[in-house]
Amino acid sequence: MVTTQDKLQVKIGNLELKNPVILASGTCGFGSEIKDFADTGKLGGIVTKTITLTKREGNPPPRVFETTGGLLNSIGLDNDGFKNFVFEKVSGLEKLRTTVIASIAGNTVGEFVKLVTGLSGIPVVGAIELNLSCPNVIHKGTRFNLLSQDEKAVKKIISKLRGITQKTLIAKLSPNVTDIKKIARAAETAGIDAISLINTYPGLAADIHTMKPRLGGVTGGLSGPAIKPLALKCVWDVYRSVGVPIIGAGGIMTWEDAVEFMICGAAVVQVGTANFVNPKAPFEITEGIKKYMKAKKIKSVKDIVGTLKA
Ligand SMILES: Cc1cc2nc3c(=O)[nH]c(=O)nc-3n(C[C@H](O)[C@H](O)[C@H](O)COP(=O)(O)O)c2cc1C
């Protein structure tokens with residue numbers, strides 16, 4: 001007998017998710033933001049805040065600013081580093097009863113290697129999401145400032161990391177590129193298990209009275225409903241270019257948004273900014289997807305993926 005649970009199951013790499021709705025990096029801490037009032041066991045998974053090898057203070061305040069239909073943030077990867085993650089956070093993650101995806105970023109190839117090696121030995125970590133919106137650690141000084149803008153660098157770093165871990169590896173891409181399809185194909189060739197997109201769009205907001213930027217870091221990343229159509233295009237473009245599953249994100253606030261991402265090619269969806277507006281959003285999204293499937297007599301959530309009639 002096929003249960004509701006089976007209908008919602010999704011596989012990425014060697015990882016089985018109980019449903020396709022997961023929390024996006026940087027918007028749920030280490031599960032801390034929701035675990036006290038919601039049953040995290042009902043989530044498909046959570047992606048941790050990006051972890052770096054050593055502690056980072058992050059950018060000066062203010063770090064967030066609300067814009068029309070979106071949120072600008074300039075957190076600057078503030079986190080307490082890998083050792084703190086191991087000693088302070090891992091036990092909490094074990095209590096969440098959902099799949100944990102660790103997000104990481106490095107300043108050097110060696111840092112990436114140390115992080116992936118360390119995380120590979122932690123059973124509660126089901127997968128590793130490489131936040132490639134970090135400085136180009138392979139080809140320093142090229143015109144490509146970010147790793148995720150340089151397809152050769154993406155290939156090199158993923159090939160290296162693929163060789164040292166059995167864990168499911170996910171590449172999270174920035175939309176701030178000329179052709180996201182090329183970057184996605186480079187990641188696939190190097191052996192990535194899934195592609196996560198998108199990270200935030202670069203943006204700026206200014207106060208017309210003080211002439212000061214709204215963010216301490218001057219520029220920041222734009223997320224939320226304002227970027228949804230842009231994110232959907234990235235998902236659709238990449239869906240037609242690679243064979244690995246896509247994890248879609250960018251302005252998903254409701255179950256209708258989530259289904260739209262799936263139709264355009266996302267096998268899994270990440271909910272980010274919505275968590276700050278309505279922390280119950282990911283749970284409501286999962287329930288909404290279930291009702292949609294029932295109404296449309298869809299047997300498996302996989303049958304929705306890439307069904308855009310274009
Ligand atoms: C406050 C804030 C912090 C974020 N921090 C991270 C981070 O540490 N690592 C990362 O890969 N993405 C980070 N993101 C990006 C989100 O994970 C997500 O890719 C992006 O916000 C688009 O989804 P959304 O529109 O649903 O928020 C952050 C986003 C926000 C709003």
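In listed order, ligands and their atoms are each counted from 1.
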Side chain, backbone, both or neither: which part of [X] has a heavy atom under 4.0 Å from ligand 1?
X: T273; value: both
X: V47; value: neither
X: N73; value: side chain

Practice item. State, without any angle test, whether T165 and S120 hold a side-chain donor-acceptor pair at a distance under 3.5 Å. Key: yes

Review point. For V269 and A258, which heavy atoms make the closest approach, and how far apart are they?
Key: CG1-O, 3.8 Å

Please confirm whether [X] comes within less than 3.5 Å of ligand 1 when only nitrogen or oxygen atoms on both sides are compared.
X: I227; value: no
X: K49; value: no
X: V271; value: no
X: G224; value: yes
X: E129; value: no

Quick test: of every protein heavy atom, which one is nearest to [atom], and how far off is it to 0.1 Å?
atom: atom 15 (C) of ligand 1; answer: N199 OD1, 3.4 Å
atom: atom 21 (O) of ligand 1; answer: S223 CB, 3.2 Å
atom: atom 22 (C) of ligand 1; answer: I198 O, 3.7 Å
atom: atom 8 (O) of ligand 1; answer: T50 OG1, 3.2 Å

Review point. Which is it for L132 and K172 under the side chain to side chain contact (heavy atoms under 4.5 Å, CB included) test, yes or no, and what are the steps along the way?
Key: CA-CA 6 Å; L132 299 178; K172 181 163 180 184; over 6 Å; no

Given [options], identify the one with the heavy atom nearest to [atom].
atom: atom 16 (C) of ligand 1; options: S133, G272, S25, G26; result: S25
atom: atom 11 (O) of ligand 1; options: K228, Q270, K172; result: K172
atom: atom 24 (P) of ligand 1; options: A105, G251, G76, A249; result: G251

Check your understanding: Do K290 and E287 sit within salt-bridge range, that is, some charged N less than 4.0 Å from a carboxylate O?
Key -> yes

Practice item. Report yes or no: does a heavy atom of A274 sit under 4.0 Å from some atom of ligand 1? Key: no

Review point. So is N79 close enough to ligand 1, meaning a heavy atom under 4.0 angstrom away?
Key: no

Could you tell me which atoms of ligand 1, counted from 1 in the order shown, lie closer than 4.0 angstrom to a heavy atom of [X]?
X: N131; result: 9 (N), 10 (C), 11 (O)
X: T200; result: 20 (C), 21 (O)
X: A24; result: 17 (O)

Interatomic spacing from [atom1] in [X] to [atom2] in [Y] - rounded to 0.5 Å:
X: L204; Y: L72; atom1: CG; atom2: CG; result: 7.5 Å
X: T50; Y: D78; atom1: OG1; atom2: CG; result: 11.5 Å
X: T273; Y: I227; atom1: OG1; atom2: CD1; result: 7.0 Å

Practice item. Report the C-alpha distance between T286 and K42 in whole Å, list the side-chain angles of each, state the deciding distance to 0.1 Å, and finish with yes or no for side chain to side chain contact (heavy atoms under 4.5 Å, CB included). Key: CA-CA 9 Å; T286 311; K42 288 188 176 157; over 6 Å; no

Check your understanding: Do T52 and N79 pass the side-chain hydrogen bond (donor to acceptor under 3.5 Å, both in side chains) test, and can you show the C-alpha distance, the side-chain angles, and the key distance before you say yes or no?
Key -> CA-CA 7 Å; T52 52; N79 79 104; 2.8 Å; yes

Review point. Can you list the steps and then say if D80 with K55 is a salt bridge (Lys or Arg N to Asp or Glu O under 4.0 Å)?
Key: CA-CA 4 Å; D80 291 331; K55 183 179 163 70; 3.1 Å; yes

Review point. Step by step, would you call I304 with Y292 a side chain to side chain contact (heavy atoms under 4.5 Å, CB included)?
Key: CA-CA 10 Å; I304 308 173; Y292 172 80; 4.2 Å; yes

Practice item. Could you tell me whether the side chain of K35 reaches within less than 4.5 Å of the side chain of K95, counting heavy atoms only? Key: no

